[in-house]
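What follows is a set of notes on a single structure, which appears directly below.
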Amino acid sequence: MKLMAKTRNIGISAHIDSGKTTLTERILYYCGEIHKIEDVRGGGDGAKMDHMELEKEKGITITSAATTVWWRGLEGKGTTFASGVDKDTRVNIIDTPGHVDFTVEVERSLRVLDGAILVLCSVSGVQSQSITVDRQMKRYRVPRLAFMNKMDRMGADPIKGRDALIEKLGHNAVLMQLPIGAEENFQGVVDLITRKAYYFDGDNGEKVRVEDCPADMADKVEEYRNTMIDAVAEFDDEIMEAYLEGNEPSEEDLHKCVKAGVNTLALTPVFMGSAFKNKGVQPLLEAVARYLPSPLECEKPSAKKETKEGEENITLEPDPTKNLVMMAFKITDEQFGQLTYTRIYSGTLNKGDTVYNTRTKKKTRIGRIVRMMSNDRANIDEAHAGDIIALVGVDCASGDTFVGNDADLDISCEGIHVPIPVIELSINVKDKAEQAKLSKGLQRFMKEDPTFHVFTDEESGETRIAGMGELHLEIYVERLRREYGCNPEVGAPQVNYRETITSETPFDYTHKKQTGGSGQFGQVVGTLKPLTDDNKDTEDDNFKFNNNIKGGSIPSEFIGACEKGFEDVMDNGPLAAFPVINCEVFLQDGKYHDVDSSDMAFRIAARQAMRKAIKNANPALLEPLMKVEVTTPDEYQGGVIGDLSSRRGLIQGSETDPNGEVIVNAEVPLSEMFGYSNDLRSATAGKASYTMEFSRYAEAPSNIAEAVMKERAEKLKNDD
């Protein structure tokens, strides 16, 4: 329990190129885990956390990496807070990708974390991927601190960044520090709780010098300190009452209030610095140890338990003496077998223990437990509730739950939100000898990454891969070349269209078949309606079934077969055989036969009723719209906007950042964005950049829908 109180499981997340990996590199250095700082781009061996060759070449994080450090306080002496928590704090860190194509890495990391650092560029503030990451943090109710990075850059403005957190993300963001100097003259920070100034000396900022607040900043510090106290005191009634009576809270009182606000997700403390220039990182680590929750303090995770009455939610107690429950949240295949990243929620895991996979119902012996240090590892003999560790040689899938007792096989930890793939392309190899390599690589990638899909096109027989974007698939194709030694040929990218219904329609279908002996009989009656966002149980829902049968007109044992029958039809729509989404079925009546009715009879009846109902409900073709954010010099703004408009883009607004660059936001159909990277580079002399992520599906214009359906029909005809 004492070690759990000293543990922080945190993630570092942000928009691409905001400095997450650079920040993590400094944390490793100041905690003594590495003795030389490497840059993310170019030179040396590359950042410790970006261990893949592709990551080093491209200067981006592709796969999340885990590491463990010990933070021993600014003094490095293991002193204690007044609350009794050691500053000698163990911090398990997961550095996640910023590029939207690898967003599932962020999803599965946040699923198992107790806290996070949201890194923002102090020049650009809240950017498109900042919004996505924040949405993910809210989905898993992860408390967070904000770190305004790149304070040494021209145009850096932490106050503007705080305001963006409030206005764009709806945070109760409060500055905990003020900068000493600005831009290239940025020297350090003043802590608003202690009024002390922190400077970072030495070759790598490793020597923290604490002095009194500069005299010329005293008035500004008092102004912002009062604002901070007003905001945080409300998280403790006694402290607020005393403050209203004129009694200023003590430093420990303020720390107590900030911790309470962070842990309830009602407060986002804002810190600042420049990770690249080695300034401001140690106070951020101090805040991680002081404010973010331990596994004992965080919101207790829940799991699903199957009972005779159905599923029920149970709370997992972070107690090493309870029964073992742990979840595999990320897997990678390596030379010596599968490496399974695991979060232990309850109980204790020992080397040599036998555990049970609740999905496969199979038992596995744990031969080796390791604590990760990016791609390095240290062998350990045991791990406890609250730990994030890795298992070597355990065959499982991402999201599997393991328990220590076969009596707990009805327990499963809640899964993660997996976005649907929006782009696909064909892939093949000429040489049959390479086919085995291709197949092996694709199977591995699909097992590792839930957003990477591999399937065989039923009509053409060709192998196709699907993912979150061009870069996502490009990385996997390159990994096939490097890691498996095959040279795949890829086809042109294809858009994943969808179909839906636009109106409500009734259905009434009777399946009746008599061929001698027992026959088949089942009748289903009801209504098919468009499924709106308001009626969805989760944001991933595309089909919803409502059982409104009364009086037993269809016996309860056949209801499940009806639901499966309705859902069977969702894979192929009537317009162009694309998957159908957003349908809600209300089963209201029906008939059965004592002898001839069966699961199969009702499943067939539901299937046929659904096919007819979809055709009668004014089906429409949907195309994926992408949220596009382009950052361009002002002189190219007109050309960028004109080009996006010519791609059927809807311009949603633009703003100018402190460096004079224009940020254009638009929603553009994915089909119009292929090759955009080269076109943008050519049109702006290589000075503009963009990010793109899936936004939503929307009805395609009639001319586009007709062209897609015609092309699809010709393809199906040729394949026949």
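Owing to the predicted nature of the structure, the values given are computational and were not obtained by experimental measurement. Positions are given from 1 along the sequence.
Annotation: cation-pi geometry satisfied between Arg209 and Tyr199 (NZ/CZ under 6.0 angstrom from ring centroid, within 45° of ring axis). For the pair Lys279 and Phe200, the NZ or CZ position fails the cation-pi test of under 6.0 Å to the six-membered ring centre and within 45 degrees of the ring normal.
Taking every heavy atom of both residues into account, Arg359 and Asp400 meet most closely at NE-OD1, 2.7 Å.
Within a 6.0 Å radius of NZ in Lys322, no more than 12 heavy atoms belonging to other residues, nucleotides or ligands are found.
With hydrogens and angles left out, the side-chain atoms of Tyr198 and Asp191 include no donor and acceptor closer than 3.5 Å. Judged purely by distance below 3.5 Å, without hydrogens or angles, the side chains of Tyr476 and Asp449 pair a donor atom with an acceptor atom. For the 3.5 Å distance criterion, the side chains of Glu286 and Trp71 qualify, holding a donor opposite an acceptor. Side chains of Thr354 and Arg365: a donor-acceptor N/O pair is absent below 3.5 angstrom, by distance only. Glu252 and Ser250 share no donor-acceptor pair across their side chains, judged by distance under 3.5 Å alone.
No side-chain donor-acceptor contact under 3.5 Å links Thr364 to the backbone of Val355.
Comment: Lys351 does not engage Glu382 in a salt bridge, judged by the lack of any side-chain N to carboxylate O separation of less than 4.0 angstrom. Remark: Arg8 does not engage Asp114 in a salt bridge, criterion side-chain N to carboxylate O under 4.0 Å. In this structure, Glu483 pairs ionically with Arg444, as a charged nitrogen and a carboxylate oxygen lie closer than 4.0 Å. Under 4.0 Å is where a charged nitrogen must lie from a carboxylate oxygen, and between Lys305 and Asp408 no such pair does. With respect to the salt-bridge test (charged N to carboxylate O, under 4.0 angstrom), the residues Arg144 and Asp134 qualify. For Asp410 and Lys361, the salt-bridge test fails: no basic side-chain N is under 4.0 Å from an acidic carboxylate O.
Taking the six-membered ring for Trp and the full ring otherwise, the centers of Phe271 and Phe147 sit at least 6.0 Å from each other. Aromatic ring centres of Phe402 and Tyr356: separated by at least 6.0 Å.
When each of Lys447, Lys363, Lys362 is checked for a salt bridge (charged side-chain N to carboxylate O under 4.0 Å, His left out) with Asp395, only Lys447 meets the rule.
The side-chain heavy atoms of Leu254 and Glu251, taken from C-beta on, include no pair separated by under 4.5 Å. Met272 has its side chain out of reach of Leu284: every pair of non-hydrogen atoms, C-beta onward, lies at least 4.5 Å apart. Residues Phe329 and Thr340 are not in side-chain contact: their nearest non-hydrogen atoms beyond the backbone lie 4.5 Å or more apart.
The aromatic rings of Tyr484 and Phe445 sit perpendicular to each other, their planes meeting at more than 60°, with 30° as the lower class boundary.
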